[in-house]
Amino acid sequence: MFTFRTATPEDVPALLGFWATAAENTSRPQDSAPAVENLLQRDPDALILALDPTDEQIVGSVIAGFDGWRCHLYRLAVAPDRRRQGIATALIDHAEARFRALGGTRSDAMVLDDNVSAQSAWWARGYRVQEEWSRWIRPLADDGRPQR
Ligand SMILES: CC(C)(COP(=O)(O)OP(=O)(O)OC[C@H]1O[C@@H](n2cnc3c(N)ncnc32)[C@H](O)[C@@H]1OP(=O)(O)O)[C@@H](O)C(=O)NCCC(=O)NCCS
């Protein structure tokens, strides 16, 4: 089937190529190698990959970010030709296992309002919309930091 492991800095070029074709790329800043490397330096186990064991190609990803307080899931993506095979479900399972091991109690994901297939995947895994909240943002470009 598929194998799962955490990403290393060596995966970054292939991962950026994978995200360019497989991930949700609207309404967000462009991915960059320094941003991913920064993540891996700060939290080396946060980025979980699904791989095809026959050729080690990346077929899925999720970032399971835990800051000591909240459990955030980002960049859930599956290769277009590998969808509906349970990869996203398995990635979320791995991410939630990490959160539990770290003491997290609730997992969340940001999903675009018009991304119906993603909503279906999150719904299938038990996630529900928290209607009373909305996301507030302010770009930190003046600080020279990458925006995510
Ligand atoms: C959303 C996405 C990650 C789902 O990946 P996946 O590996 O195909 O999902 P799974 O196979 O684990 O699906 C689990 C369940 O989710 C639901 N689901 C997943 N994709 C669906 C779709 N396109 N339409 C309807 N339901 C869907 C189904 O209930 C499915 O179970 P089933 O196949 O037994 O019916 C994938 O479509 C993707 O990469 N999309 C582009 C990137 C994206 O939008 N990411 C999410 C950002 S929040």
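Predicted model only: the values in this text are computed from it and were never measured. Just so you know, ligand 1 is whichever comes first in the structure, and atom 1 is the first atom listed for that ligand. By convention here, the first residue in the shown sequence is residue 1.
Considering backbone and side-chain atoms together, A23 places no N or O closer than 3.5 Å to any N or O of ligand 1. Polar contact with ligand 1: absent for A77 (N/O pair, distance under 3.5 Å). The N/O atoms of A124, backbone and side chain alike, include none that comes under 3.5 Å of an N/O atom in ligand 1.
Near A22, with a cut-off below 4.0 Å to any heavy atom, the atoms of ligand 1 are 39 (O), 41 (C), 42 (C). Counting atoms of ligand 1 from 1 in the listed order, those under 4.0 Å from a heavy atom of T89 are 10 (P), 12 (O), 14 (C). Each of the following atoms of ligand 1 lies closer than 4.0 Å to a heavy atom of L76: 3 (C), 42 (C), 43 (C), 45 (N), 46 (C), 47 (C). Atoms of ligand 1 found under 4.0 Å from any heavy atom of G86 (numbered from 1 in listed order, with element): 10 (P), 11 (O), 12 (O). Counting the atoms of ligand 1 from 1 in the order shown, those under 4.0 Å from a heavy atom of E24 are 42 (C), 43 (C), 44 (O).
Heavy atoms of other residues, nucleotides or ligands lying less than 6.0 angstrom from CD of Q130 number more than 12. Summarising the local packing, CZ of R70 is surrounded by 12 or fewer heavy atoms from other residues, nucleotides or ligands at distances under 6.0 Å. More than 12 heavy atoms of other shown residues, nucleotides or ligands fall within 6.0 angstrom of atom CG in D81. Enclosure of atom CZ in R42 is not indicated, since only 12 or fewer non-hydrogen atoms of other residues, nucleotides or ligands lie within 6.0 angstrom.
Remark: minimum distance from atom 23 (N) of ligand 1 to any protein heavy atom is reached at S117 CB, 3.1 Å. Given atom 36 (C) of ligand 1, the protein heavy atom at minimum distance is R83 NE, 3.5 Å. With respect to atom 1 (C) of ligand 1, the closest heavy atom belonging to the protein is A118 CA, 3.7 Å. The nearest protein atom to atom 39 (O) of ligand 1, hydrogens excluded, is given as V78 N, 2.8 Å; this is a heavy-atom distance. Nearest protein heavy-atom contact of atom 20 (N) of ligand 1 is R84 CD, 3.5 Å. Ranking the protein heavy atoms by distance from atom 16 (O) of ligand 1 puts A121 CA, 3.2 Å first. In terms of protein heavy-atom proximity, atom 26 (N) of ligand 1 is nearest to S120 CB, 3.2 Å.
Between W122 and Y127, the ring-plane angle classifies as perpendicular under the 30° and 60° cut-offs.
At least one heavy atom of M110 sits closer than 4.0 Å to an atom of ligand 1. Residue W122 places a heavy atom under 4.0 Å from ligand 1. For A109, the closest heavy-atom approach to ligand 1 does not fall below 4.0 Å.
Contact annotation: for A88 versus ligand 1, heavy atoms closer than 4.0 Å belong to both the backbone and the side chain. In N115, the part holding a heavy atom less than 4.0 Å from any atom of ligand 1 is the side chain. With a 4.0 Å heavy-atom cut-off, ligand 1 is reached by the backbone of Q85 but not by any atom from C-beta on.
If you check the side chains of E24 and T26, you find a donor sitting under 3.5 Å from an acceptor.
Summarising the geometry of P53 relative to T3, their closest heavy-atom pair is CB-CG2, 4.0 Å, with the distance given to 0.1 Å.
Looking at Q57, its side chain never comes within 3.5 Å of a backbone N or O of L51 through a donor-acceptor pair. Judged purely by atom type and a 3.5 angstrom limit, R82 has no side-chain atom pairing as donor or acceptor with the backbone of G60.
Residue L76 forms a side-chain contact (heavy atoms from CB on, under 4.5 Å) with just one option from V111, V62, I48, and that option is V62.
In this structure, atom 34 (O) of ligand 1 is not in close contact with the protein, since no protein heavy atom lies within 4.0 Å of it.
Comment: R98 engages D43 in a salt bridge, judged by a side-chain N to carboxylate O separation of less than 4.0 angstrom.
To the nearest 0.5 Å, the span separating CZ on R125 from CG on D93 amounts to 4.0 Å.
Side-chain contact check for S61 versus L15: some heavy-atom pair is nearer than 4.5 Å.
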